[in-house]
Structures are given as structure tokens and as C-alpha cells.
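Written below as C-alpha cells is the structure these notes are about.
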Amino acid sequence: MRLDRYLSENGCGTRSEIKKELKKGAAAVNGSVVRDGSAQVPEGARVTWHGEEIAGDALVYYMLHKPAGVITATRDPKQRTVMDLLPERRRKDLYPVGRLDRDTEGLLLITNDGPLGHRLLAPGKHVDKTYEALVRGTVTDREVARFREGIDIDDADGAFTALPAELEILGTEPGGGEDGALTRVRVTIREGKYHQVKRMFAATGAEVVYLKRLSMGPLRLDPALAPGECRRLTEEEATALTEGLQGNEEV
Ligand code: URA
């Protein structure tokens, strides 16, 4: 792994802070000062930062294409969980960031980076999450406008007004509903309330029959991943996530 990534994953600062400190000679690898952030850290190397040894408990980020039928939990006595789909499924420090319903597919981030998970989920952060959905019932420009204004939800799970959401109608397909059609839509929400997308459509009288998360913040589901497959994030993806969330504060 590159030295600058190693340092940022071990909590030494942002990439730009680290770059500055590296120039001043803050890091040493196996006793030699290294100023170049792109230098590779050999396996098992002793790395120090301002003279302090770094434990090297690297942060791990997985992108999972969650399939329908598994639950988003770290463990369950009866049901298959998303953790069962990871190669490192026995690791105790990994957890899913946020929750997708059992029947929802798509992008799920699994990590041991607690502060990042907190930043992605904190109510004031408003990280965009984009979903593709198939909806039974009529979806028209009227619903697009209601989503844009912020839809009122008041159901058995509570009441709230959703933040303005973007709804795009992709097309209709034969198959269901009184008018015999399903509407394929793309929707971007900025919160992560319980069953939020389903409840937003339910408030317009429509029913979500299929839901897939495509993106969360800067992270996009890799189309090469089949449902049930996962991979580690690339350096670029991890950097975009860890550094791209600054400035999403509540407005
Ligand atoms: N909204 C939902 O209704 N379900 C999910 O799984 C995610 C968002």
C-alpha cells in the first residue's frame, strides 16, 4: 500500500495534511525518513509518524452487491446476513454502513472505519443515496414535483417530512397495478430513514415492488459485481469516500 494511504487509513490526517507533514520528514519506514507519499509500505514494515509507531490496523472497505434475501446485520442465528458474503466473514470488526431491507439489492459498504460510517449516516450529513425502483401505481410529473418539494410521511412507522428528493421516470413496463403497468424510476434521497423510499412512494399511493441502491455519496455500485459479489474499494474510491464527505453539513 502507498505510504500516504497507509497513514490516512491509520488516522494520521487527511491526504493533504499528510502530504505537508511528509515533506517535513514526519514519517519513517523501517527507520528511514520517507517524504514521498507514493512510496510503497512493505508488508510488516515498522512505520512511525512524528516518532510514534503506528499499530498498522489497516482500515478495510468492501463494496458488496447485496442480493435480495439476505439481511443487513452482522450476525443472526437463523438468517443469512451480508457478512456471510465476505471473504473475511469471521472478522469481528467489520460492519455494514446503514441498512438495506431484506428484499432490497445493491450497493452496501462494509468497513471497520467507525468514524466514516458515522459521517455517512449522521442525520445532519445528508449524503445522497440513489436507487432504481420498479413501482406499481401511477408515477407522473405530479409525484416528481411532490418528491422535489419534500413529501409528508405519516404512517405506522412515524411521521416526518422528507428532504427534497429527485425523482426521474425512466419508463413504463407491463405487469401490474390497476392500469396494468409498472413504472421504472430513479430516485435520490438525502436521508436514510426506515424504509424511506418505500414509504415515500406509499405516501403517493404507489407500491415499490423492486428496489436497488446504485450509489451512496461518491461511491457507485460496480456494474461488474453480480448480486452476492463484493470487492475491496480501490484507493480512489476509498479516498473519495473518506475525503469527499467534508462539507455535507446540514443546511
Ligand atoms: N428505502 C427503502 O424503503 N428500503 C431500503 O432498503 C432502502 C431505502
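Order of appearance sets the numbers: ligands from 1, and atoms from 1 within every ligand. Quick caveat, the model's predicted, so the values are computed rather than measured. Position 1 is the first residue of the sequence, and the numbers go up from there.
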In ligand 1, the atoms that come under 4.0 Å of a heavy atom of T104 are 4 (N), 5 (C), 6 (O)

Could you tell me, atom by atom, which parts of ligand 1 come under 4.0 Å of a heavy atom of Q196?
1 (N), 2 (C), 3 (O)

Salt bridge or not for K24 and E21, using N-O below 4.0 Å?
yes

In terms of residue, atom name and distance, what is the protein heavy atom nearest to atom 1 (N) of ligand 1?
V197 N, 3.1 Å

Of all protein heavy atoms, the one nearest atom 4 (N) of ligand 1 is D101 OD2, 2.7 Å

Which one holds for L211 and ligand 1: side chain close, backbone close, both close, or neither close, with close meaning a heavy atom under 4.0 Å?
side chain

Return yes if a side-chain donor-acceptor contact under 3.5 Å exists between Y210 and E132, otherwise no.
no

Between T140 and T138, does any side-chain donor sit less than 3.5 Å from a side-chain acceptor?
no

Work out whether the distance between some heavy atom of Y131 and some atom of ligand 1 is less than 4.0 Å.
yes

Heavy-atom pair with the smallest gap, counting every atom of Y61 and L109:
CB-CD1, 4.4 Å

Do ligand 1 and R199 have nitrogen or oxygen atoms that lie under 3.5 Å from each other?
no

Where the side chain of R35 meets the backbone of K23, is there a donor-acceptor pair that is under 3.5 Å apart?
yes

When you compare the side chain of L219 with that of E237, does any pair of heavy atoms fall below 4.5 Å?
yes

